[in-house]
Amino acid sequence: EWLRVMGYSKSEVIGRCFSEFVAPEFLDNFADNFPRFKAAGKTRNTEFGMLRKDGSRITVSFNGNVEYDEEGRFKRTHCIMEDITDRKEAEEALLESEGRFRALFEQAGGYCMILDPNTADGIPVIVDANKAACAAHGYDYEEFVGRPVADVDDEDGKRLVRERTREIMTGKPFYVENVHVRKDGTTFPVAVNAKRIDTGNGPPLILTTEYDITERRASEAKLKTYQYYLEKAQEIGRIGTW
């Protein structure tokens, strides 16, 4: 199987130094770590690049044990190589996607969060958030990420999360105004836009962009007060007791 993956016949590899098959940028790492492998007697999940006969590259993971002679001297190694090229490419693609999302966080106004809805109880978990979101809710990044999103919602918000997550995951855009709860227990009104995002690898997530609408709510309350007095003034004028 090793010969098939690497593209060689057995006669082409017997007697050659293993380092001849290691990708050039990993040679220093191999030279440093092989003596450690010999001294430790084993290695687990050691990753590096290798060159096939046709010049193409693969990424491999090694598990190995050292065999010693009766006097305890190094004799040879016994290793199992796993081709993890596809897995590494998938990981890199996911990191690239995360980079794009982080760029969006920095550019977007308001508070941005990424939620993972793939939980046992159906309550999405916060897997990323920009600085504004953490500050608005009174948390450090490390204590904010990993928290169920219901932790920052009031009771109505908790109900909405349970009811509407599945709807969001169908791809339908979602907007709601509700109340969020800070770490210290105080509350503030927010407008929330949520949509499903596909990472390209792994299950889809939810991106939310949220805005503190405290000032808008205050302005709306003032406007309602003005409208009330205007209507009363008009009524007084109509009955002639102005």
Side-chain angles (χ1 to χ4, degrees), residues 84-221 223-224:
I84 59 169
T85 306
D86 290 343
R87 191 186 82 194
K88 295 298 288 186
E89 290 177 351
E91 289 173 355
E92 290 171 3
L94 181 57
L95 288 173
E96 182 181 350
S97 296
E98 290 176 351
R100 290 199 300 270
F101 295 143
R102 286 187 179 278
L104 177 61
F105 288 165
E106 298 304 320
Q107 294 171 8
Y111 321 131
C112 300
M113 296 187 289
I114 288 182
L115 313 177
D116 182 0
N118 306 288
T119 58
D121 61 2
I123 299 297
V125 171
I126 302 167
V127 296
D128 209 343
N130 67 349
K131 293 178 181 179
C134 297
H137 294 87
Y139 291 94
D140 294 329
Y141 178 84
E142 290 75 14
E143 59 180 344
F144 197 53
V145 170
R147 186 176 295 275
V149 71
D151 283 5
V152 301
D153 286 313
D154 68 355
E155 290 306 314
D156 285 341
K158 288 180 172 65
R159 176 181 54 79
L160 279 172
V161 166
R162 295 180 185 277
E163 293 177 356
R164 307 299 288 275
T165 295
R166 186 173 299 177
E167 178 183 339
I168 296 169
M169 295 309 291
T170 66
K172 182 179 179 180
F174 173 74
Y175 175 84
V176 69
E177 294 183 8
N178 63 353
V179 177
H180 273 195
V181 182
R182 299 185 181 93
K183 182 180 178 180
D184 63 7
T186 59
T187 61
F188 62 103
V190 294
V192 180
N193 289 283
K195 64 177 294 186
R196 164 181 164 151
I197 53 174
D198 294 305
T199 64
N201 295 284
L205 303 174
I206 295 174
L207 172 66
T208 71
T209 303
E210 308 177 8
Y211 300 88
D212 185 334
I213 56 174
T214 302
E215 292 186 5
R216 196 191 80 189
R217 288 283 178 87
S219 297
E220 289 172 349
L223 180 59
K224 288 181 179 179

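For the pair V176/L160, a side-chain contact is recorded, criterion being any heavy-atom separation below 4.5 Å from C-beta on. Residues V149 and R147 have side chains not in contact (no heavy-atom distance under 4.5 Å, counting atoms from C-beta outward). Side chains of K195 and K172 form no contact here, defined as non-hydrogen atoms less than 4.5 Å apart. Within the 4.5 Å cutoff, the side chain of V127 has heavy atoms near those of the I114 side chain. By the 4.5 Å heavy-atom criterion applied to side chains, V190 and Y211 are not counted as neighbours.
Atom CG in N178 sits 8.0 Å away from atom CD in E210 (nearest 0.5 Å). Here D128 contributes atom CG and D116 contributes atom CG; the two are 12.0 Å apart, rounded to the nearest 0.5 Å. Once rounded to the nearest 0.5 Å, the distance linking OH of Y111 with OG1 of T209 reads 12.5 Å. Residue C112 holds its SG atom at 14.0 Å from NZ of K131, rounded to the nearest 0.5 Å.
For the side chain to side chain contact (heavy atoms under 4.5 Å, CB included) test with I197, the passing option among L115, I206, L207 is L207; the others fail.
Between D151 and Y139, the side chains place no donor N or O within less than 3.5 Å of an acceptor N or O (distance only, hydrogens not considered).
Under the salt bridge (Lys or Arg N to Asp or Glu O under 4.0 Å) criterion, E143 pairs with K183, not counting sequence neighbours.
Closest non-hydrogen pair, M169 versus P204, comes out as CE-CG, 3.6 Å. Taking every heavy atom of both residues into account, E167 and T170 meet most closely at O-OG1, 2.5 Å. Taking all atoms of both residues into account, the shortest heavy-atom contact from F188 to A136 is CE2-O, 3.7 Å.
Judged by distance alone, the side chain of T165 and the main-chain N or O of V161 form a donor-acceptor pair under 3.5 Å.
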For this session: Could you give me the CA-CA distance, side-chain angles and deciding distance for T187 and V179, then say whether side chain to side chain contact (heavy atoms under 4.5 Å, CB included) is met?
Result: CA-CA 6 Å; T187 61; V179 177; 3.5 Å; yes

For this session: Report the C-alpha separation of I168 and R166 in whole Å, then their side-chain angles, then the decisive distance to 0.1 Å, and conclude whether the side chain to side chain contact (heavy atoms under 4.5 Å, CB included) test is met.
Result: CA-CA 5 Å; I168 296 169; R166 186 173 299 177; over 6 Å; no

Exercise. Is there a salt bridge (Lys or Arg N to Asp or Glu O under 4.0 Å) between R159 and E163 once you walk through the steps?
Worked result: CA-CA 6 Å; R159 176 181 54 79; E163 293 177 356; 3.3 Å; yes

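Salt bridge K158/D156: absent, no basic N to carboxylate O contact under 4.0 Å.
Listed by first and then second residue, the ring pair (Phe, Tyr, Trp, His ring centres under 6.0 Å) pairs involving residues 160-186 are H137-H180 (not counting sequence neighbours).
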